[in-house]
Amino acid sequence: MSIQTPTSPPGTSPERGDFIRDIVAADLREGRVQTIVTRFPPEPNGYLHIGHLKAISISFGIARDFGGRCHLRFDDTNPTKEEQEYIDHIQEDIHWLGFDWGEHLYFASDYFDQLYEWAAYLIGAGKAYVDDLSADEIREHRGTLTEPGRNSPWRDRPIEESLDLFGRMRKGEFPDGARVLRARIDMASPNINLRDPVLYRILHADHPRTGDAWSIYPMYDFAHGQSDAIEGITHSLCSLEFEIHRPLYDWLIDNLPVPSKPRQIEFARLNITYTVLSKRVLLRLVNEGHVRGWNDPRMPTIAGMRRRGFPAEGLRDFVTGVGVAKADNVIEFGQLEHAVRNVLNRTAPRRFSVLEPLKVIIENYPEGQIEEMDVANNPEDPSAGTRKVPFTRELWIEREDFMEEPPAKFFRLAPGREVRLRSAYFVTCREVVKDAAGEIVELRCTYDPATRGGDSADGRRPKATLHWISASHAMLAEIRLYDHLFVRPDPGADGDLFADLSPDSERVLQGCLVDPTLAELPVGETVQFERLGYFTPDRDSTPGQPVFNRTLTLKDTWAKLQAQGRQNT
RNA sequence: UGGCGAGUAGCCUAACGGUAAGGCACCUGCCUCUGGAGCAGGGGAUUGAAGGUUCGAAUCCUUCCUCGCCAGCCA
């Protein structure tokens, strides 16, 4: 098994203790288990999201830290919702995230024969029976949270009859819903999961792996624990909503001749502000066209975050930094951003690009002259070296970087003011050119030839440094800016989740001018546009029409000041 | 309402009977050719509440409160 060791936020370590690791360590120490075996068991009914990454990180991470192994097992017991497409994408995503199950790829459907035998065994032992009640009738008999259930009239039917019926269910003799196999436990149990839970249902459906070989399929409860036992899983780690199923999990393990006794431990699932981690909702967002697909950069899916430009390392750091516990939690989105920026700041090459261009003419700069300025590829990493960036008489700067009447604390370009063009020259604004409508269309500036490279010998130090791009070299691009999909930190808390969808979670900018070397940047790489944020080429790019996604902005003190100012007035 | 689980600063997590720690966020200062990054510092917690046990309780006990999960032939 080869798993990259995640780097981690300062003050934490990837193998930081948590209550599950404590249990695992004790089981090892006290000889209850020899080798730790965990599993990640997705149902192939959708794409993986950041919540799954927490589960992946826990199960793969514990296996790694304790020298064991982690299996990937598809929980494919409901053919009506599962597709091969999902089976493929899930594997791709896990690999991209940096985890590997080696040879240990399994499917619950691999165990259908064994599971069927065990079901028959249970019937033979008088611990399961075929029930002819309809779904509605079963529900009525189940009772409620406060009232006990009633026995099905079929509960005491002869074993031989159940065995015969179960065999015929398998042969496909009955239509969907005609009968089910139920465990015979206790209709009065305070735990509703123990009130004779359904073990098998009839489903004449095509299964992505077993085709039409089966017309009955095991329920989650009958498949999961036994699959764990077959694979020798020692610690079956899942989220809190399965806690209530554990007594059933244990009951089945105790009443079946399974080859091992796995132990289920539950942890709280991940929640993040401004986002929804529910496959049902994500599927709806896709199907109703609210997003560009499962891999839309706004989606909390692994595929979406990847397309957004979030590096796998940052995602891993995020989930390990969030910890493992049993208390319900909602992580602030900012913590994800922090983990991503932390990686990107270290690794992303820098480039100059202008989102909303404003023309600048350097009046005293020779027409036709081109100078190659040396610019650091990454100030955080000298080994990344430098690159040549052409400087000419006509440039573009960011429209936001100029104000005709600058307020206090606005340090950037203004009439008569001198600023530095990063790694190039100091320039001073001499004149503002407007069109008939009074719109600023151009700035006439002068440069100081003595400041080549961006330093002045006389110790002059402009308060601002701007990014820029040569007009004759810039490449035109579309840039897509992303923000939270939902407007509130707790989407749907008021009832209507879809009413909380943000109207401007995506803003598409045309006419952006980017560093021409970006034409060769492969999809999957993320760069920093200096002073603007992190950007990554989108798969929608074509040779003549490059498209970039904004991964994240840089932390922006000026923007924050502005926002506060707006609040105060 | 029956059962199960959980409550530690704005958000996460730790402390395993010995006197509340770390990350994120926030605030200051320094530094800076990214208003980025970095560095240094700071504020903020009667540990859900009330009782009890103990020399000593976030940790143990009791009661209460709040929140979450369970009444699919979903997982």
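Within every chain, numbering begins at 1; the chains are lettered A, B, ... in the order of the sequence lines, protein sequences first and strands thereafter.
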Between [N] atom [atom2] and [X] atom [atom1], what is the distance in whole Å?
X: A:Asp328; N: B:C67; atom1: CG; atom2: C1'; result: 7 Å
X: A:Gln264; N: B:G5; atom1: CD; atom2: C1'; result: 13 Å
X: A:Gln335; N: B:C11; atom1: CD; atom2: P; result: 12 Å

- Under 3.5 Å, is there an N or O donor on one side and an acceptor on the other linking the side chain of A:Glu332 and the base of B:G10? yes
- Check if the side chain of A:Arg412 and the base of B:G35 share a donor-acceptor pair of N or O atoms closer than 3.5 Å.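 Answer is yes: a donor-acceptor pair is held.
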Who passes salt bridge (charged side-chain N to carboxylate O under 4.0 Å, His left out) against [X], sequence neighbours left out?
X: A:Asp206; answer: none
X: A:Arg531; answer: A:Asp401
X: A:Glu147; answer: none

- Sorted by number, the residues of residues 267-284 of chain A with heavy-atom contact under 4.0 Å to RNA chain B: none
- Query: Taking protein heavy atoms under 4.0 Å as touching, what does nucleotides 36-41 of chain B look like 5' to 3' if B marks base contact, S marks sugar-phosphate-only contact and - marks none?
  - Reply: BS----
- Reading nucleotides 69-75 of chain B 5' to 3', which nucleotides get B (base under 4.0 Å from a protein heavy atom), which S (sugar-phosphate only), which -? SBBSBBB
- So, is A:Arg461 close to the B:U32 phosphate, meaning a side-chain N or O under 4.0 Å from OP1 or OP2?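 True: A:Arg461 side-chain N/O within range (under 4.0 Å) of B:U32 OP1/OP2.
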- Please check the phosphate of B:C4 (OP1 and OP2 only) for any side-chain N or O of A:Lys326 closer than 4.0 Å. no
- Message: What's A:Lys409 touching, base or sugar-phosphate or nothing? Going by heavy atoms closer than 4.0 Å.
- Response: base
- Indicate, with a heavy-atom threshold strictly under 4.0 Å, whether A:Phe410 touches base, sugar-phosphate, or nothing.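 Base contact.
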- Is any side-chain N of the basic residue among A:Asp381 and A:Arg346 closer than 4.0 Å to the acidic one's carboxylate O? no
- Query: Are A:Glu43 and A:Lys279 ion-paired here, with the side-chain N under 4.0 Å from a carboxylate O?
  - Reply: no
Atom pairs and distances, donor-acceptor, side-chain atoms in residues 172-185 of chain A, under 3.5 Å, two or more places apart:
from     : atom 1 : to       : atom 2 : distance (Å)
A:Glu173 : OE1    : A:Arg168 : NE     : 2.6
A:Glu173 : OE1    : A:Arg168 : NH2    : 3.3
A:Asp176 : OD1    : A:His204 : N      : 2.8
A:Arg179 : NH1    : A:Asp132 : OD1    : 2.9
A:Arg179 : NH1    : A:Asp132 : OD2    : 2.8
A:Arg182 : NE     : A:Asp131 : OD2    : 3.1
A:Arg182 : NH1    : A:Asp196 : O      : 2.8
A:Arg182 : NH2    : A:Asp131 : OD2    : 3.1
A:Arg184 : NE     : A:Arg155 : O      : 3.1
A:Arg184 : NH2    : A:Asp156 : OD1    : 2.3

Residues that [X] engages under side-chain contact (heavy atoms from CB on, under 4.5 Å), provided they are two or more places apart:
X: A:Arg170; value: A:Asp113, A:Tyr116, A:Trp214, A:Ile216
X: A:His207; value: A:Asp76, A:Pro79, A:Glu82, A:Ser109, A:Phe112, A:Arg209, A:Thr210, A:Tyr217
X: A:Asn191; value: A:Ser189, A:Asn193, A:Leu194, A:Ile244, A:Pro247

- Task: Carefully, step by step, assess A:Ile90 and A:Phe74 under the rule side-chain contact (heavy atoms from CB on, under 4.5 Å).
- Result: CA-CA 9 Å; A:Ile90 286 171; A:Phe74 284 96; 3.7 Å; yes
- Test ring pair (Phe, Tyr, Trp, His ring centres under 6.0 Å) applied to A:Tyr200 - qualifying residues, sequence neighbours left out: A:Phe166, A:Phe222
- Identified stems (criterion: three or more consecutive Watson-Crick or G-U pairs, under 3.5 Å), RNA chain B: B:2-7 with B:65-70, B:10-13 with B:21-24, B:26-30 with B:38-42, B:48-52 with B:60-64
- A:Arg73 side chain to A:Pro41 main-chain N or O, any donor-acceptor pair under 3.5 Å? no
- Within 45° of the ring axis of A:Phe352 and under 6.0 Å from its six-membered ring centre, is that where the NZ or CZ of A:Arg387 lies?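 Yes, a cation-pi geometry holds between A:Arg387 and A:Phe352.
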